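Structure first, commentary second.
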Amino acid sequence: MENVIQRYQEMTPTIELVAYPSRIPCESASISDERELVKQQPTPRSARSASPSISPTRSRANSLQKIAPDSGADDLLASSLPPVDRGKGAWGFALAAFALETFIWGYSFTFGIVQVYLNNHPPFNTASIAEVSSVGTVALAIQYITPVGVIMIFKRYPDKARSILWAAMLVSCGSMLISSWATKVWHLILLQGVLGGASGAILYAPVLLWLQEWFVEKRGTASGIIFSGTGIGGFVFPFFIENLLERVGFPWTVRIWSLTTFVLFGVSLFYLKPRVPPVKPTRGEGRGQFLPVDLSFLFSPIVILMCLTTFVSSISFFPVSLYIPTYVTSLASPLSATVVLAVFNAAGVVGQIAIGWFSDKYPYPNIIMFIGVGSAIAAFFSWGYADTLGKVFGFAILFGSISNICSVWGSVAREVSGTNSQTSSFVFCAFGIHRGIASLVGPIIASTLYNKHEAEKLGTWGRFGFRAVTIFVGVMALVSAFGGVALAGARRIQAKRHT
């Protein structure tokens with residue numbers, strides 16, 4: 001019995017985020033023996049101790065001592081929870097998370113198609129590209145930044161998570177539906193950008209939080225299934241949305257999307273639940289802290305340099321992601337723009353996996369230098385001289401596959417935090433926040449550089465009004481390569497101090 005109590009006292013959960021392409025990454029378990037996760041057990045309400053205690057964990061342990069005999073405690077722990085790595089509970093969670101991943105992030109990375117349509121049809125055709133693109137950039141920025149705070153809230157108030165999720169679903173679908181009657185760009189920014197981005201981030205946060213409860217030995221398989229949703233959505237939705245826009249127009253497209261997500265999110269939330277039921281602390285019990293006590297790691301030279309490098313690299317990436325459909329429509333049909341964007345998103349998924357693998361095998365500063373130099377070459381030469389659809393396809397594949405710096409985050413966080421999972425999670429948070437800010441700043445800068453009046457002029461390099469944008473993308477990518485050089489120097493200095 002003492003072993004059971006000790007297990008409960010040691011089982012305070014922590015968040016450890018792992019790098020995943022172009023988003024806030026996923027959580028993994030930090031329990032020393034992950035197999036112990038199988039034996040977690042919530043305390044029935046009727047058996048909770050009425051006396052004050054210092055933590056919910058210890059209260060559950062004390063209650064368990066009262067209700068479970070010594071000989072049967074382990075069996076009770078093992079049998080009362082659904083199994084990990086198998087069963088309808090685990091795989092139902094994985095499929096629900098896959099659906100959320102696909103629709104929340106898939107629409108965000110498809111907004112370039114919506115932007116092209118809005119810029120060419122009333123009532124939004126009088127607005128500038130910068131105004132219309134801000135709808136997508138605001139949503140992306142919020143989706144990158146917000147999950148960090150949502151996860152901390154869910155960790156502190158786990159008993160309220162389900163109610164928050166259902167409210168977020170109503171806000172997400174409702175704001176999309178109301179946006180079908182929008183007549184001004186600011187209506188779309190508020191409804192699809194702010195409300196849509198925030199509610200999507202809330203709906204997605206449990207995927208990052210509860211994955212480690214359901215999967216231990218098969219977590220890699222489950223993660224692959226879940227996170228493939230971004231690539232699948234980014235590849236399929238451009239065709240789906242472009243077809244709807246051409247057939248029924250923007251208002252009915254978003255109405256259909258709202259109804260589709262309402263049904264899909266509703267079904268998903270029935271399966272998106274923690275394996276260990278949350279327990280509301282009784283009176284006298286304290287809740288966990290929002291932030292770690294020691295934040296000194298945020299002032300590490302490596303963390304600071306990586307944040308800056310992530311920001312610079314990202315403001316090079318997002319203008320291409322958002323404006324490549326506009327570029328393609330200058331030399332081909334809207335359908336061609338849809339295909340190019342789909343290929344760009346698919347190349348990004350493949351490239352992110354490859355870069356992540358290489359970052360585990362080779363020093364990450366070298367990988368960052370490769371990403372920066374490779375992206376700059378792709379922008380200056382492949383995009384700069386792209387005067388045919390075939391050349392644009394080549395640029396989309398090349399730039400999309402090597403320009404995502406997020407796959408390096410795991411190696412950096414591992415070096416900075418070591419085995420401290422809480423430090424690792426906040427290091428990832430810092431990187432994600434900088435990428436979220438860049439997803440807003442980069443496209444805004446690019447939209448001011450785009451020269452619509454030169455779109456019809458042909459030239460040898462930098463066509464269709466994108467000359468300045470191409471220079472901006474290439475220069476920022478090259479600057480990010482110097483971030484790799486600086487990180488290599490910081491690592492050498494740090495190594496000398498420790499010798």
Side-chain angles (χ1 to χ4, degrees), residues 16-28 30 144 148 220 223 227 296-318 347-378 398-439 476-499:
E16 180 180 358
L17 304 178
V18 297
Y20 186 72
S22 61
R23 298 194 309 282
I24 296 290
C26 142
E27 176 183 48
S28 63
S30 59
Y144 273 113
V148 176
S223 298
F227 298 132
S296 60
F297 59 87
L298 293 176
F299 301 97
S300 163
I302 291 179
V303 172
I304 294 174
L305 287 171
M306 191 61 204
C307 285
L308 294 176
T309 303
T310 294
F311 176 79
V312 174
S313 178
S314 298
I315 63 174
S316 171
F317 170 82
F318 284 108
V349 174
V350 175
Q352 289 156 2
I353 295 173
I355 291 173
W357 185 85
F358 279 111
S359 67
D360 287 335
K361 302 293 182 181
Y362 302 98
Y364 64 81
N366 296 348
I367 305 298
I368 293 173
M369 285 184 272
F370 168 79
I371 292 173
V373 173
S375 299
I377 292 174
L398 182 60
F399 191 88
S401 62
I402 64 176
S403 59
N404 286 283
I405 199 170
C406 303
S407 297
V408 185
W409 290 357
S411 298
V412 181
R414 184 169 57 247
E415 179 175 302
V416 172
S417 60
T419 59
N420 189 321
S421 60
Q422 193 174 42
T423 298
S424 177
S425 69
F426 279 91
V427 170
F428 274 111
C429 292
F431 298 158
I433 289 172
H434 283 78
R435 187 165 176 84
I437 296 172
S439 71
M476 290 298 100
L478 193 59
V479 171
S480 70
F482 287 99
V485 176
L487 282 164
R491 294 182 77 204
R492 285 194 294 268
I493 294 174
Q494 191 175 65
K496 291 180 179 179
R497 289 177 178 176
H498 291 158
T499 56

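What you see is a predicted model, and the numbers here were worked out from it, not measured in a lab.
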Sequence neighbours excluded - salt bridge (Lys or Arg N to Asp or Glu O under 4.0 Å) pairs with any residue from residues 302-317: none
Side chain proximity check, N366 to F370, heavy atoms < 4.5 angstrom: no
Which value, rounded to the nearest 0.5 Å, describes the distance between I405 atom CD1 and I368 atom CD1? 5.0 Å
Tell me which donor-acceptor pairs under 3.5 Å the side chains of residues 483-495 have, and how far apart each pair is, sequence neighbours excluded?
unit_1 : atom_1 : unit_2 : atom_2 : d
R491   : NE     : E415   : OE1    : 2.9
R491   : NE     : E415   : OE2    : 3.3
R491   : NH2    : E415   : OE1    : 2.9

Could you pull out all residues at least two apart from Y362 that satisfy side chain to side chain contact (heavy atoms under 4.5 Å, CB included)? F358, I367
Contacts of I377 that satisfy side chain to side chain contact (heavy atoms under 4.5 Å, CB included) - sequence neighbours left out: V373, F381
Which heavy-atom pair separates S407 from S359 by the least distance, and what is that distance? O-OG, 3.5 Å
Run the side-chain donor-acceptor check on residues 309-318: report pairs under 3.5 Å with partners two or more places apart or on a different chain.
unit_1 : atom_1 : unit_2 : atom_2 : d
T309   : OG1    : L305   : O      : 2.8
T310   : OG1    : M306   : O      : 2.8
T310   : OG1    : W409   : NE1    : 3.3
S314   : OG     : T310   : O      : 2.7
S314   : OG     : R435   : NH1    : 2.7
S316   : OG     : V473   : O      : 2.9

Separation between CG (L398) and OG (S403), nearest 0.5 Å, reads 9.0 Å
